[in-house]
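Working notes, structure below.
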There are 4 protein chains.
Amino acid sequence: MFFYIDASNGVPIFEQISRQVKYAVARGALRPQEMVPSVRELAQRLAVNPNTVARAYRDLQADDVLEPLRGEGLQVTRKAAERCRRDRQSLLRQRLHSFVVEARQSGLPDDEILTLFQDELSRQPLAESLP
Amino acid sequence: MFFYIDASNGVPIFEQISRQVKYAVARGALRPQEMVPSVRELAQRLAVNPNTVARAYRDLQADDVLEPLRGEGLQVTRKAAERCRRDRQSLLRQRLHSFVVEARQSGLPDDEILTLFQDELSRQPLAESLP
Amino acid sequence: MFFYIDASNGVPIFEQISRQVKYAVARGALRPQEMVPSVRELAQRLAVNPNTVARAYRDLQADDVLEPLRGEGLQVTRKAAERCRRDRQSLLRQRLHSFVVEARQSGLPDDEILTLFQDELSRQPLAESLP
Amino acid sequence: MFFYIDASNGVPIFEQISRQVKYAVARGALRPQEMVPSVRELAQRLAVNPNTVARAYRDLQADDVLEPLRGEGLQVTRKAAERCRRDRQSLLRQRLHSFVVEARQSGLPDDEILTLFQDELSRQPLAESLP
DNA sequence: GTGGTCTAGACCACG
DNA sequence: GTGGTCTAGACCACC
């Protein structure tokens with residue numbers, strides 16, 4: 001299974017879903033031409049409203065990451081891999097940017113920001129972050 | 001002065017205000033016993049509705065960062081400095097945590113995460129981040 | 001139902017609402033996991049602005065009495081019952097305390113204070129106080 | 001000295017002052033024809049804005065409890081004693097009434113309300129309540 | 001449908 | 001002058 005939803009996260013659920021699909025494609029866990037789970041199935045698995053999954057899939061189609069396979073469901077597009085790697089980079093950059101802006105505004109000195117960052121990296125071993 | 005609001009930020013304005021007050025206290029730009037700008041004045045300065053500022057100030061009272069001086073306005077509490085430094089640490093930690101979780105999930109290798117981070121730090125010189 | 005608002009009471013409406021929710025939970029009229037009326041519905045029922053109800057509900061979330069069920073509404077938290085019973089006790093104690101302080105300061109002898117109290121208790125039969 | 005102000009009480013300061021003057025008259029600590037302290041002096045003693053004391057004195061004049069003695073200050077009126085005893089009774093009744101209403105609404109059983117009351121009475125020995 | 005944010009403007013209490 | 005409450009109504013995001 002390739003993702004995990006945190007309902008008390010502030011980030012909208014539909015966006016968590018669509019991002020994680022992109023990330024899965026970016027890192028090769030989901031390959032072009034492969035089918036994604038049906039709306040119903042995924043909704044049940046994540047204990048989430050089907051509308052929410054549908055919305056995520058809709059967004060992913062708009063981004064040319066998924067495309068319908070007539071009557072069969074949705075599959076990852078051919079160009080998805082490249083696109084998702086680009087998106088991953090820019091999504092992360094963007095989050096990082098806003099974090100650094102805030103950290104700077106807060107007046108925390110650079111060395112302490114760096115310490116926080118290294119702490120965090122070492123606290124999250126790679127293994128547990130890919131359930 | 002110590003406020004900078006970004007209306008197209010996703011983060012609610014009232015929360016940007018209350019955070020920045022906390023940060024200002026945390027870094028010593030605003031000291032215990034000092035008065036904060038009046039609701040009306042700050043509202044005008046930020047081109048924002050007075051109710052929005054009032055809400056931020058109300059939240060800060062609930063967090064024991066501000067207290068009323070009857071008929072005079074609001075002042076920073078005695079214990080605010082300590083509290084705000086703690087809050088700053090935990091607010092930033094929290095944002096960093098969710099970033100690292102996402103970066104890891106995205107499958108981006110650690111060295112590239114680090115590169116992103118260093119890029120961002122060097123791209124935002126200290127001077128321009130405290131307007 | 002469990003609300004009765006007195007607009008000419010001095011006590012702000014939003015606070016009357018949040019208190020009564022707590023009391024309803026404390027006495028078991030509203031149980032953990034149960035949904036509270038929607039903001040709009042309650043506002044209409046009490047002939048009050050929706051913002052006012054929203055504020056009460058916001059305060060209750062801050063007190064961990066309510067929690068959002070995304071897109072569904074607000075429900076009473078699991079720990080609410082215990083918390084509300086404690087709050088009820090302390091809210092009433094506090095009011096009683098300030099009353100007794102004032103009664104004593106006024107120089108009214110203890111036996112007359114007691115008489116006032118008993119009068120009041122017998123004048124408000126239980127039936128009419130839970131409309 | 002016959003009263004004591006609690007600034008963090010919710011009750012407006014000017015009202016605390018005027019009530020306590022009435023109570024002092026009611027219990028005979030302040031007698032008809034006696035002078036009350038000047039606005040300035042009392043304001044300084046209570047560490048309060050002179051306007052606040054002035055407002056209290058204004059209200060007391062409107063209630064015929066104080067009257068000006070040309071150029072000398074304010075004195076307690078002849079009819080004040082009777083009037084203040086009446087007011088004391090009705091002020092306390094009123095507070096008690098709203099307390100009982102709330103206690104009943106809260107669903108706390110009568111015997112527990114009574115227990116709270118007795119606790120409070122025994123916890124505040126007469127001596128310390130008249131500083 | 002739900003709650004959340006924001007604006008605009010009125011009114012009040014306090015000092 | 002200060003903050004606080006309330007109303008009215010618009011707009012948005014989420015489910």
Side-chain angles (χ1 to χ4, degrees), chain A residues 7 9-17 43 46-56 59, chain B residues 5 7-17 35-43 46-58 60-61 66-75, chain C residues 5 7-17 35-43 46-58 60-61 66-75, chain D residues 7 9-17 39 43 46-56 58-59:
Chain A
N9 192 18
V11 181
I13 296 175
F14 75 88
E15 200 176 332
Q16 293 187 45
I17 296 174
L46 301 179
V48 147
N49 189 311
N51 287 329
T52 308
V53 177
R55 162 91 188 256
D59 291 354
Chain B
I5 297 303
S8 63
N9 192 15
V11 183
I13 296 175
F14 72 88
E15 201 176 327
Q16 293 187 47
I17 296 174
M35 307 279 301
V36 290
S38 82
V39 168
R40 289 163 171 88
E41 185 200 331
L42 186 54
L46 300 179
V48 144
N49 189 290
N51 284 329
T52 306
V53 177
R55 162 124 189 231
Y57 280 0
R58 188 164 55 235
L60 289 166
Q61 287 182 66
L66 297 183
E67 63 186 351
L69 215 55
R70 301 178 68 148
E72 302 265 333
L74 296 167
Q75 75 177 346
Chain C
I5 297 303
S8 64
N9 191 17
V11 182
I13 297 175
F14 73 87
E15 201 176 327
Q16 293 187 47
I17 296 175
M35 308 279 301
V36 290
S38 82
V39 168
R40 291 163 171 88
E41 185 200 331
L42 186 54
L46 300 179
V48 144
N49 189 291
N51 283 330
T52 306
V53 176
R55 163 124 186 232
Y57 281 0
R58 187 163 57 234
L60 288 166
Q61 287 182 68
L66 297 183
E67 63 186 351
L69 215 58
R70 301 178 67 148
E72 302 264 334
L74 297 166
Q75 76 178 346
Chain D
N9 192 18
V11 182
I13 294 174
F14 75 87
E15 200 175 330
Q16 294 186 46
I17 296 174
V39 167
L46 300 179
V48 146
N49 190 309
N51 287 328
T52 308
V53 177
R55 161 92 187 257
R58 200 174 347 119
D59 291 355

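Predicted model, so just to flag it, every value in this text is computed and none were measured. Here is the naming used below: chain letters follow the sequence lines, and residue numbers restart at 1 for every chain.
Here the shortest heavy-atom pairing between C/Leu69 and C/Gln75 reads CD1-NE2, 3.5 Å. Minimum heavy-atom separation, C/Ala43 to C/Asn49: CB-C, 4.1 Å. Of all heavy-atom pairs between C/Gln61 and C/Leu74, the closest is NE2-CD2, 3.7 Å. Nearest heavy atoms, C/Met35 versus C/Glu72: CE-O, 3.5 Å.
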Fill in: Nucleotide-level pairing of DNA chain E, given in dot-bracket where Watson-Crick and G-U pairs need both distances under 3.5 Å and | marks other strands
||||||||||||||.
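If you check every strand for non-hydrogen atoms under 4.0 Å, C/Asn49 touches a base.
Following rounding to the nearest Å, B/Asn9 (CG) and E/dT5 (P) show an atom-to-atom distance of 14 Å. Atom CD in D/Gln16 sits roughly 14 Å away from atom C1' in E/dG15 (whole-Å rounding). Distance B/Arg58 CZ to F/dC6 C1': 11 Å, rounded to the nearest Å. Protein atom CG of C/Leu69 is 16 Å distant from nucleotide atom C1' of E/dG4, rounded to whole Å. Distance B/Tyr57 OH to F/dT5 P: 16 Å, rounded to the nearest Å. E/dG1 atom C1' lies 11 Å from atom CE of C/Met35, rounded to whole Å. Between the CG atom of C/Leu42 and the C1' atom of E/dG3 there is a distance of 14 Å, given to the nearest Å. Rounding to whole angstrom units, CG of residue D/Asp59 and P of E/dG15 are separated by 12 Å.
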Fill in: Derivation and outcome, side-chain contact (heavy atoms from CB on, under 4.5 Å), residues B/Leu60 and B/Val36
CA-CA 11 Å; B/Leu60 289 166; B/Val36 290; over 6 Å; no
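In this structure, CG on B/Leu42 lies 10.5 Å from OG1 on B/Thr52, to the nearest 0.5 angstrom. Once rounded to the nearest 0.5 Å, the distance linking CD1 of C/Ile17 with CG of C/Leu46 reads 5.5 Å.
Annotation: of the two residues near DNA chain E, B/Ala47 and C/Leu74, the 5′-most nearest-nucleotide partner is C/Leu74. Both C/Val48 and B/Gly73 lie close to DNA chain F; mapped to their nearest nucleotides by heavy-atom distance, the more 5′-ward contact belongs to B/Gly73.
No side-chain heavy atom of B/Ser38 sits under 4.5 Å from any side-chain heavy atom of B/Tyr57. Here the side chains of D/Arg55 and D/Asn51 are not in contact, with every heavy-atom distance at 4.5 Å or above.
Neither OP1 nor OP2 of E/dG3 sits under 4.0 Å from any side-chain N or O of C/Gln61.
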Produce the list of close N/O pairs, under 3.5 Å, pairing protein atoms with atoms of nucleotides 10-14 of chain F; give distances to one decimal.
none

